[in-house]
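Report on one structure; see the data block that follows.
Letters A, B, ... mirror the listed sequences (proteins, then strands); counts begin at 1.
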Amino acid sequence: MPSSPLPKTYDFKSTEKRIYQWWEEHGYFKPSNDPNEPGFDPSFEPFVISIPPPNVTGELHLGHAMFVSMEDLMIRYHRMKGIPTLWVPGTDHAGIATQLQIEKALAKEGLTREQIGREEFLRRTWAWKEKYGGIITQQIRRLGASCDWTRERFTLDPGLSRAVREAFVRLWEKGLIYRGPRLINWSPGLKTAVSDLEVEYSQEPGKLYYFKYMLAGSESEFIPVATTRPETILGDTAVAVHPEDPRFQQYVGRRVVVPILGREIPVITDEYVDREFGTGALKITPGHDPNDYAIGERHNLPVISVLDEAARVNGNGGPYAGQDRFEARNNLWEDMRSAGLVIKEEPYLLNIPRSQRGGEIVEPMISTQWFVRIQPLAEAALQAVRDGRVRIIPERFTKVYYNWLENIEDWCISRQLWWGHRIPVWYCQACGEVIVAREDPTNCPKCGSEELVQDPDVLDTWFSSGLWPFSTLGWPEETPDYRYFYPTSVLETGYDILFFWVARMIMDGLEFTGQVPFHTVYLHGLIRDEHGRKMSKTYGNVIDPLEVMDELGTDALRFTLLVGSTPGNDTNLSIDKVEANRNFANKIWNAGRFVVSALNTVAGQAILDKAEEANLRTLADAWILARLAELERDVERLFQSHQYGEAGRQIYDFFWSEFADWYVEIAKLQLAGGGARAFATARHLVHVLDTSLRLLHPFTPFVTEELWGHLKATAQKASPALKPAPGWEESLICARWPEPSQPAEWETQAVADFSLVMEIVRAIRNLRAEKNVPPGRRIPAMLVGGERTEILQQQAATIAALAQLDAQALEIVESQTERVEGQVTLVVGSVEIYLPLGGLVDVAEERARLEKELDEAEAQISRLEGLLAGPFAEKAPAPVVQKEREKLANYRDTADRLKAQLQSL
RNA sequence: GGGCGCGUAGCUCAGCUGGUCAGAGCGCACGGUUCACAUCCGUGAGGUCGGGGGUUCGAGCCCCUCCGCGCCCACCA
């Protein structure tokens, strides 16, 4: 570390990269107890997190910044506790997202993937991945992520691909995977099936179309029907009415004619039909509507598909064949209008299903796909959370989790894409045998034919993501990593992927490894803009974390995200907040600069023994040590209960408004005299700063590491006696986490005594501001201390300095009765303060001020008297009552003194 | 149709198992160029903790209800 004088302002730009490289090169991110190294001890319990793998070709956004900050915080905390800690990084191939990127790039060349073929397409995609795949991991490094990059994984790695295949085959062998035609969500833009979760519904204005289903053989009789998708009329195979609906009884069992096509279909009854809605009669299109599909099954209705994979009308659509679904909708409706079949159309708010990725309207279609029979897996996953093997934080999400798993439908896992894990199934062209295999087969086990064709589809990306916590550790191999680090400890991610990812990992973990994949699920919220709006390009309110880091530093961004969030709740982020925390980083830096320079002034001092040091301990010393001890306990408790934000806030408050604002100011006085006291003070400064840096390190790793290095170098040079209790480890990242101590009696006393000093100082400062006494002007004062006189005498220099009193003209006495003209009187509990301000004093003003204070004191007195006279005194716990009694005594004391003052005015 | 979250100083938000918790940052007002920091220091104004009811000696914190935002799940044509 350079020993050159520290710059006035913390220069994060020159620091962050250097520090990160140093950490990474020194191997600090690797677990301390590595099962692959000699000397491995399996009795240590490790702390492990698997990173939520970002899209391999993605770019950093605030969501990443959030989870990286949060996970790095947990990781650094455990690492500092001396626990073998592993954070496994990696990326996801992100089937649809990546494939869309490549197709977009192709389109710029005027090409489609079909034109270049599967092989070429995959070649290009891999090339793209090689080119851009490192960007996101570099960006994650910038955030300070202390992941073990030597264990980085990618979902399409050979090892993970083997895991995927193993998982598929096992499920198949257990009969939990099947293939067949089902009604699925079809994305016509992407030309693939998508799962229920990948469909998002949006409210959009549309129309409800009313028309006539003419009874077969009748020119006049009809059943009125309403639909939002007229083109599906082409696939209708029934009209349903409610069995008890008198309006349509006469038609039940008869047949109606499909408009334009002329097909005859039955009129049936089904309880599902809502008599109140629309016309009370429902057209049934089993081929293109999930409800209709279910009704069709109940009534054995034929299923007619009328759309092709691009959502154009197919051969079943008669004259509309070849037309786009919306074009066909209009044309059919116009033709029906001409045929006199139209009743009316009215505006209607639709719930439109759209593809999460592509954005286009998803079409329910019959399609042959692969599915996972999910109920058995879901049951186990429910049980794991119910019995506490997996704990979800915040707890309210367990209900959401239960609700989803209890109503789960089979999972469509095949995608008609090219980028992903190919389904390990082959079809024998000779005998039709279906071969599901771990290794690519060369010939048919049944007929021996070599004419095998592999299923063209790939698996849903989330199929491989579900295996992530164990596939990254080597599963299905029993590797040392898998044996030691699995199951992992915490799964930290946004609540928006609870179903997509978290639930599936739990299901898969239990199914394939027989264990829960992690013990704790910590869910954070979404990052929104400063007014709570979703960030989006169209609003133009997107905050780019990279820009923020460039301008304000990584520590500032991390601290803002960590302290600004509570588990499971969304966070509103504004640049103002990051700026405030940039200032905090600078505050840390400057407090550090002060301590470093203080150390230089005490260099070479004789070492003090314990007794000497205890002798020299001032009230301020005792106070800051007491507050620090309390902070350590609070932070530990808050970390244990996952209240990281609150912990950060407390450290911030302690550091800025207690250590920097008060102790450092007093330390200046204690240092000024030199000698043993100065040396003892320096020790305390080192101790408090050192401990604060340790506590802050998981939040703001860069500035703390950098400063700690300087502190250590300077302290070691100054005196061996300055070494702190846990010791100077080789770097802060691996330094020991402060061990909280038991609360001690002296702490309470020190805090109470020092707060009297603070109150006195504040009262005087307050008055100076009120009376416009110029800052810097030293004024005389007399303090009448009563029973606190001794403390005041000891603290005279401190009070004088902080309140800018004239130390030469500061009198401290036990009691005083006479009053001098031109004095202002302040009352702080049992202490009276006389400030001779001469001409600045106005008797009427003084009277008013004292009366106001007396009113306040008396109001408190009567409130407390009432309280203590009531049932409170008997029912509340003794310490609580005692506290209130003391308050009352204090207020009475104050009131008495105020009265006396008023009298003498 | 279910479920959940939020509503605390002008703004953005903290407030652990109910007992100085009525707080922070920003903003605002006033005053400050002394050797850690103007990315700073000191002082101050500002809120019946959404409304109403209840439990309790005591409630932002628990219960009920109402109002206003937001989100998730769900097959209403």
[atom1] of [X] versus [atom2] of [N]: gap in Å, rounded?
{"X": "D576(A)", "N": "G27(B)", "atom1": "CG", "atom2": "C1'", "result": "9 Å"}
{"X": "K399(A)", "N": "C73(B)", "atom1": "NZ", "atom2": "C1'", "result": "13 Å"}
{"X": "Q804(A)", "N": "U34(B)", "atom1": "CD", "atom2": "C1'", "result": "10 Å"}

* To do: Give every residue pair that meets the side chain to side chain donor-acceptor pair (under 3.5 Å) criterion with at least one member in residues 556-566 of chain A, sequence neighbours excluded.
  => D72(A)-R558(A), T560(A)-N581(A), T566(A)-N569(A)

For [N] and [M], measure between their [atom1] atoms and round to the nearest Å.
{"N": "G27(B)", "M": "G53(B)", "atom1": "C1'", "answer": "37 Å"}
{"N": "C49(B)", "M": "G10(B)", "atom1": "P", "answer": "13 Å"}
{"N": "G51(B)", "M": "G68(B)", "atom1": "P", "answer": "15 Å"}
{"N": "C57(B)", "M": "G46(B)", "atom1": "P", "answer": "35 Å"}

Quick one: is [N] close enough that its OP1 or OP2 comes under 4.0 Å of any side-chain N or O from [X]?
{"X": "T9(A)", "N": "C37(B)", "result": "no"}
{"X": "Y402(A)", "N": "G3(B)", "result": "no"}
{"X": "W404(A)", "N": "C4(B)", "result": "no"}

Quick one: which protein N/O atoms are closer than 3.5 Å to N/O atoms of nucleotides 9-12 of chain B? Pair and distance per line, please.
{"from": "U12(B)", "atom 1": "O3'", "to": "N572(A)", "atom 2": "ND2", "distance (Å)": "2.8"}
{"from": "U12(B)", "atom 1": "O2'", "to": "K577(A)", "atom 2": "NZ", "distance (Å)": "2.7"}

Each nucleotide N or O in nucleotides 43-47 of chain B that has a protein N or O under 3.5 Å away: list the pair and distance.
{"from": "G44(B)", "atom 1": "OP1", "to": "N766(A)", "atom 2": "ND2", "distance (Å)": "3.2"}

For [X], all residues meeting ring-ring contact (aromatic ring centres under 6.0 Å, His included), sequence neighbours excluded:
{"X": "W186(A)", "value": "none"}
{"X": "F659(A)", "value": "F655(A)"}
{"X": "Y209(A)", "value": "W333(A)"}

Set out, line by line, the N/O atom pairs under 3.5 Å between protein and nucleotides 16-19 of chain B.
{"from": "C16(B)", "atom 1": "O2", "to": "R637(A)", "atom 2": "NH1", "distance (Å)": "2.4"}

* Presence of donor-acceptor pair under 3.5 Å, side chain of K668(A) and base of A36(B) -> yes

* So does E665(A) reach the base of A36(B) with its side chain, donor to acceptor, closer than 3.5 Å? -> yes

* To do: Could you tell me whether G46(B) is syn or anti, where syn means a glycosidic angle within 90 degrees of zero?
  => syn

* **Partners meeting salt bridge (Lys or Arg N to Asp or Glu O under 4.0 Å) with R325(A) (sequence neighbours left out)** => E363(A)

* **Y210(A) six-ring face occupied by K344(A) cation (under 6.0 Å, within 45°)** => yes

* E630(A)/R633(A) salt bridge by N-O under 4.0 Å criterion -> no

* R354(A)/E204(A) salt bridge by N-O under 4.0 Å criterion -> yes

Check each residue of [range] for a non-hydrogen atom within less than 4.0 Å of any atom in RNA chain B, then write out the ones that pass by number, or none.
{"range": "residues 647-655 of chain A", "result": "R649(A), Y652(A)"}
{"range": "residues 198-206 of chain A", "result": "none"}
{"range": "residues 582-589 of chain A", "result": "R582(A), N583(A), N586(A), K587(A)"}

Distance-only check: which donor-acceptor pairs under 3.5 Å involve side-chain atoms of residues 276-284 of chain A, not counting sequence neighbours?
{"from": "T279(A)", "atom 1": "OG1", "to": "P224(A)", "atom 2": "O", "distance (Å)": "2.6"}
{"from": "T279(A)", "atom 1": "OG1", "to": "A281(A)", "atom 2": "N", "distance (Å)": "3.2"}
{"from": "T279(A)", "atom 1": "OG1", "to": "A281(A)", "atom 2": "O", "distance (Å)": "3.4"}
{"from": "K283(A)", "atom 1": "NZ", "to": "T232(A)", "atom 2": "OG1", "distance (Å)": "2.6"}
{"from": "K283(A)", "atom 1": "NZ", "to": "D236(A)", "atom 2": "OD1", "distance (Å)": "2.9"}
{"from": "K283(A)", "atom 1": "NZ", "to": "T285(A)", "atom 2": "OG1", "distance (Å)": "2.9"}

* To do: Between G3(B), G32(B), U20(B), spot the one nearest the side chain of K887(A), thanks.
  => U20(B)

